[in-house]
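Remarks on the structure that follows.
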There are 2 protein chains.
Amino acid sequence: MKQQGKKILIVDDEPSIRDMIAVALEMAGFQCIEAATAKDAYALVVDEKPQMILLDWMLPGTSGIELARRLKRDELCNDVPIIMLTAKSEEDNKILGLEAGADDYITKPFSPRELVARLKAVLRRTTPQGIEEPIQVDGLTLDPIRHRVSANDEQLDIGPTEFRLLQFFMTHQERAYSRTQLLDQVWGGNVYVEERTVDVHIRRLRKTLGVNFDYLIQTVRGTGYRFSQKPK
Amino acid sequence: MKQQGKKILIVDDEPSIRDMIAVALEMAGFQCIEAATAKDAYALVVDEKPQMILLDWMLPGTSGIELARRLKRDELCNDVPIIMLTAKSEEDNKILGLEAGADDYITKPFSPRELVARLKAVLRRTTPQGIEEPIQVDGLTLDPIRHRVSANDEQLDIGPTEFRLLQFFMTHQERAYSRTQLLDQVWGGNVYVEERTVDVHIRRLRKTLGVNFDYLIQTVRGTGYRFSQKPK
DNA sequence: ATTGTCATGTCACACAATTGTCATATATTA
DNA sequence: TAATATATGACAATTGTGTGACATGACAAT
């Protein structure tokens, strides 16, 4: 099943509903993580980097809509699609939900089949924007689906971390990132590694890119690194 | 890293644990204050206004979670992030902790590294950096995001300190600053550097700006320097 | 189990850029 | 012209990065 890598975060205060959804999604080949509150959810988004969020409208404490707004404002996660779950009676509010940054909404009660269908639809809509399409710069191509990198049509042998690092850089060009930011974005928020480790992976990446393309990975002294086509 | 200045309040009834944590944090450049009870902690929060609170779940008297709730309800300190410290066996309660307003939690025992990492992560989350727009004057552009300076579309090679200096000037134009003020603003308040050093960096900055743009950095004799578009 | 291969994170050292300071030159003011 | 303030070049100490090597742990094949 090709959806199996996708991690879905389910946010709802009702454990029974969460589980129901989780079971349905897992049968469809998704991976699920759950949260009961907005705070909890936020922590999980940062730590686990889910590919999609199912968000209940009504939550104790910070409401779902507020959380959605916050996530969409946050540089770190504004590209994670959100589906709002609303009760029938709240349907009027759907406009608000979409305004807050939700990519779709489903009114409760819903069938598992409907949920999965909409979820896939949203994923289809939102992923091609960068996760699926090959990215090309100069003569360097990164193909996210095939998980391959080539320089002038020649395959490069690249490790997983270097791949993610390069992918991040190629989707965030022309911008300086600190080592900490790179750790957050590429490694994820829940790993604790030395900042200097970034240097090592930068070096490995440069090495595999070779002399023709390592100019793309630029050192910004005192700050971090930058991916840029323009020479330093 | 400029984590210094951040004040962390450690609340735990075990002095040995408090000290252990304090040592770890101080090595990471944080400033620590300690409290053994919820009561003391509350007083310190009010008096010292820490930027962050490490709060043990189990406390004699008012429990940690109760304190968290109280703080989060309080207008004065509901924006101070809280990290809960819980024993492994209490892990189930983490949801409760997050509900009470904690921003993260760590289960004991934890490594100093993990603690520091999570702490920094929470601080990063709660102090979002403002979006910085490129600044342009005449034909000179400084882009904080890309960390680049260009004169008429030509990249300039500029050192870190000169970059900060120029950034400060461009965001504070048409005003004379004394060397001391520049040291405070650009170098940071707590560094001991000769005043004359400013002159040297001014010269370096002028040099990299070149003859077309060095007129922007003007000497104000007897006072200091000024960034101004108007010719002297 | 055992071995072998990766991928990863960390360290120590090599190397390079930046920084602060000084001595000296030049400019400005009274 | 003397007195004061700023500009400039040189240099050594400091700081930040690059790089190779190593230990560890995951995993697959044996």
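A, B, ... follow the sequence lines: proteins, then strands. Residue 1 opens every chain.
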Sequence neighbours excluded, the answer for salt bridge (Lys or Arg N to Asp or Glu O under 4.0 Å) partners of A:Arg148 is none
When the distance from CD of B:Glu194 to C1' of D:dT6 is rounded to whole Å, what number comes out? 15 Å
Can you name the nearest heavy-atom pair linking B:Pro144 to B:Pro134, along with the distance? CD-CA, 3.9 Å
Whole-Å gap separating C1' (C:dG9) and CG (A:Leu182): 16 Å
By the 4.0 Å heavy-atom rule, please label B:Glu195 as base, sugar-phosphate, or nothing. nothing
Measure the acute angle between the ring planes of A:Tyr177 and A:His172, then classify it against the limits of 30° and 60° as parallel, tilted or perpendicular. perpendicular
Residue pair A:Glu194, A:Tyr192: steps toward the side-chain hydrogen bond (donor to acceptor under 3.5 Å, both in side chains) verdict: CA-CA 7 Å; A:Glu194 289 291 320; A:Tyr192 312 113; over 6 Å; no
Can you give one letter per nucleotide of nucleotides 12-19 of chain D, 5' to 3': B if a protein heavy atom sits under 4.0 Å from the base, S if only from the sugar-phosphate, - if neither? ----BBBB
Taking five pairs at each end of the helix from C:dA1-D:dT30 to C:dA30-D:dT1, what angle separates the two helix axes (nearest 10°)? 20°
Do other residues, nucleotides or ligands put more than 12 heavy atoms under 6.0 Å from the CG atom of A:Asp153? no
Integer-rounded Å distance: C:dA16 P and B:Asp157 CG: 16 Å
Measure the distance from OH on B:Tyr177 to P on D:dT6 and round it to the nearest whole Å. 18 Å
Considering only heavy side-chain atoms of A:Thr197, the closest of C:dG9, C:dA7, C:dG20 is C:dG9
A:Thr161 near the nucleic acid: base, sugar-phosphate alone, or nothing, with a heavy-atom cut-off under 4.0 Å? sugar-phosphate
Taking every heavy atom of A:Glu195 against every heavy atom of A:Asp199, the minimum-distance pair comes out as O-OD1, 4.0 Å
Measure from NE2 on B:His201 to C1' on D:dA7 and round the result to the nearest Å. 15 Å
Measure from CD on B:Gln218 to C1' on D:dT6 and round the result to the nearest Å. 15 Å
Is the base of D:dG20 touched by the side chain of A:Arg204 through a donor-acceptor pair closer than 3.5 angstrom? no
So which atom in B:Phe213 and which in B:Ala151 form the shortest heavy-atom distance, rounded to 0.1 Å? CE1-CB, 3.4 Å
Rounded distance (Å) that lies between atom P of C:dA7 and atom CZ of A:Phe163: 14 Å
Distance below 4.0 Å between A:Trp187 side-chain N/O and C:dG9 OP1 or OP2: yes
Taking B:Glu174 first and then B:Arg226, would you say they form a salt bridge - that is, a charged N and a carboxylate O separated by under 4.0 Å? no
Is the A:Phe169 ring parallel, tilted or perpendicular to the A:Phe227 ring (thresholds 30°, 60°)? parallel
